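Report on the structure given below.
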Amino acid sequence: MNAAVATRSQAAAVVTSRPTLTADLTAVAANTRTIATRAPGAALMAVVKADGFGHGAADVARTALAAGATRLGVTSVDEALELRAARIGAPILSWLNPVDADFGAAVAAGVDLAVASRPHLDAVVAAAPGTGPARVHLHLDTGMARDGAPPAEWAQLCRAARLAEQRGQLRVDGVMGHLACADVPADRSNAIGRTRFAWGLEVARSLGLRPAHRHLAATAATLTDPRTHHTLVRIGAGLFGIDPSRTVRLRPALTLTAPVVSVRRVRAGTPVAYGHTWTAPAATHLGLLPLGYADGLPRAASGRAEVQVRGRRRPIVGLLSMDQAVVDLGDDDPVEPGEVATVFGPGDDGEPTAAEWATWAGTIEHEIVTGIGARVARRCRTAATELWSVR
Ligand SMILES: *Cc1c(COP(=O)(O)O)cnc(C)c1O
């Protein structure tokens, strides 16, 4: 071992910085405003499910509300109650509500509930805590065959909801649908979904319901088809700079960095990591990053993924491990332990983006940003201070 290598090993012992995920809330605010201008006639619901797509649900909720959103959407009652616990008072809709969800707590906390079946409706009525009628949004399946009510059950659901409304047990505040292929505007299913939604609204009306909120569009439909806007659009991906329609410039908000914790020089012919899937073609320096697939770097990206170190793209070599990634730093520009690698970011300085990681792994950006593991430290950047704060 030469002196330089010994120095690096000693330096590695004092490296303390951790892999860190930074959410740029100024980007979330800008994206919210950009999308609001594309749907001027509709209110904007900020969808902050899955911890705000990995960006921090409460931080994103506050940011989007300050930038023009008026409502929040989440998947589960638990997610909604977490936002209430963070003292967020805006209207919240929870849409995936198994019959055994805590509807009593939800209604007591003023959380609106999507309802897609008679058993759901009955469970909400039974659990309503007597603090006033539960507010529900009836959910019609407009082509997903997932969580909305099948059209064959729609009239019956509307009728039962109207009856409960007349008894003062609940109020139907909304009707919702969801499109399966909105990212492909020409897909026939979009017209079918729009028509089915219009039919569902008409059925609800004819049975006496007067839902104030009628909503079909998520990000892609909002950006490509004003006929889907109705009174409210539900925006998730777009808040975070993901534009499935590729029609507007949005800003990615997440940056993932990790320190190089050690550097070693290897000879040509040195095989690297599990399975020896990569062998150094020439002498080089290998840097170690302390994160792997348990932290959300998809193992399927092994062999293609890159990070940025000292302003240069460097390949991750060999198979990604659960907790570690090996980077080929080259032989000409020695990197010191403690220097920080950018795993992905907005791409401003040539660093990889989450979209590139998705391509490398054969998935979509959503899965990359929502998949970053709990061991990674979180912080955010806010407009007020331009400072980075730890959450
Ligand atoms: C996730 C989700 C959204 C948000 O979709 P994006 O494409 O991320 O904007 C809207 N509605 C429902 C029902 C969802 O599940």
Side-chain angles (χ1 to χ4, degrees), residues 28 31-32 34-36 38-39 42-55 57 60-61 64 68-80 83 91-98 111-116 120 136-149 174-185 187 189-190 193-194 196-197 200 213-225 228-248 250-254 354-355 358 363-371:
V28 173
N31 294 334
T32 306
T34 300
I35 294 165
R38 299 286 293 258
L44 196 154
M45 173 187 286
V47 176
V48 298
K49 62 191 180 188
D51 195 27
F53 285 51
H55 296 60
V60 169
T70 53
R71 315 179 75 82
L72 302 170
V74 293
T75 300
S76 70
V77 168
D78 288 344
E79 289 178 327
L83 293 169
I92 305 176
L93 174 66
S94 163
W95 49 73
L96 187 64
N97 301 310
V111 173
D112 304 351
L113 298 162
V115 163
H120 281 121
V136 306
H137 291 223
L138 299 182
H139 186 177
L140 171 66
D141 177 16
T142 50
M144 291 285 281
R146 194 180 64 170
D147 49 345
V175 167
M176 66 183 285
H178 195 44
L179 297 170
C181 307
D183 54 335
V184 186
D187 193 281
S189 69
N190 291 307
R194 286 197 313 269
R196 195 184 278 185
F197 190 62
H213 304 288
R214 303 179 292 277
H215 44 114
L216 178 63
T219 298
T222 300
L223 294 176
T224 58
D225 187 355
T228 62
H229 291 178
H230 294 275
T231 67
L232 176 67
V233 294
R234 302 185 305 265
I235 306 298
L239 301 179
F240 310 106
I242 302 171
D243 174 14
S245 75
R246 301 180 188 285
T247 61
V248 60
L250 298 171
R251 192 169 165 69
L254 271 194
T363 183
I364 57 174
E365 223 174 321
H366 309 54
E367 190 174 336
I368 302 296
V369 298
T370 57

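Note that the coordinates shown come from a computational prediction; the quantities given were computed from them, not determined experimentally. When a ligand or atom number is given, it counts from 1 through the structure's own listing order.
Not one N or O of Ile235 is nearer than 3.5 Å to an N or O of ligand 1, by distance alone.
At the top of the distance list for atom 4 (C) of ligand 1, counting protein heavy atoms only, stands Gly236 N, 3.8 Å. Nearest non-hydrogen protein atom to atom 5 (O) of ligand 1 is Ala218 CB, 3.3 Å. Closest to atom 11 (N) of ligand 1 among all protein heavy atoms lies Arg234 NE, 2.8 Å.
A donor and an acceptor atom, one from each side chain of Ser94 and Asn97, are located under 3.5 Å apart. Side-chain contact, His120 with His139: no donor N or O sits under 3.5 Å from an acceptor N or O. Counting only N and O atoms by type, the side chains of Ser76 and Asp78 include no donor and acceptor under 3.5 Å apart.
In this structure the side chain of Val74 reaches within 4.5 angstrom of the side chain of Ile92, judged on heavy atoms.
Remark: ligand 1 atoms within the under-4.0 Å shell around heavy atoms of Ala237 are 6 (P), 8 (O), 9 (O). Short contacts between ligand 1 and Thr219, defined as distances under 4.0 Å to a heavy atom of the residue, involve ligand atoms 6 (P), 7 (O), 9 (O). Within the listing of ligand 1, atoms 8 (O) sit less than 4.0 angstrom from a heavy atom of Phe53. The Lys49 neighbourhood of ligand 1 comprises atoms 1 (C), 2 (C), 3 (C), 14 (C), 15 (O), with distances under 4.0 Å to a heavy atom of that residue. Less than 4.0 angstrom separates some heavy atom of Arg146 from each of these atoms of ligand 1: 15 (O).
In this structure, the side chain of Arg234 engages the main chain of His215 through a donor-acceptor pair within 3.5 Å.
Separation of atoms CG (Asp183) and CG (Asn190) is listed at 8.5 Å; rounding is to 0.5 Å.
Under the side chain to side chain contact (heavy atoms under 4.5 Å, CB included) test applied with Ile242, the options Thr219, Leu250, Val369 reduce to a single match, Val369.
With a 4.0 Å cut-off on non-hydrogen atoms, His366 does not touch ligand 1 at all. Neither the backbone nor the side chain of His215 has a heavy atom within less than 4.0 Å of ligand 1.
Aromatic pair Phe240/His366: centroids not less than 6.0 angstrom apart.
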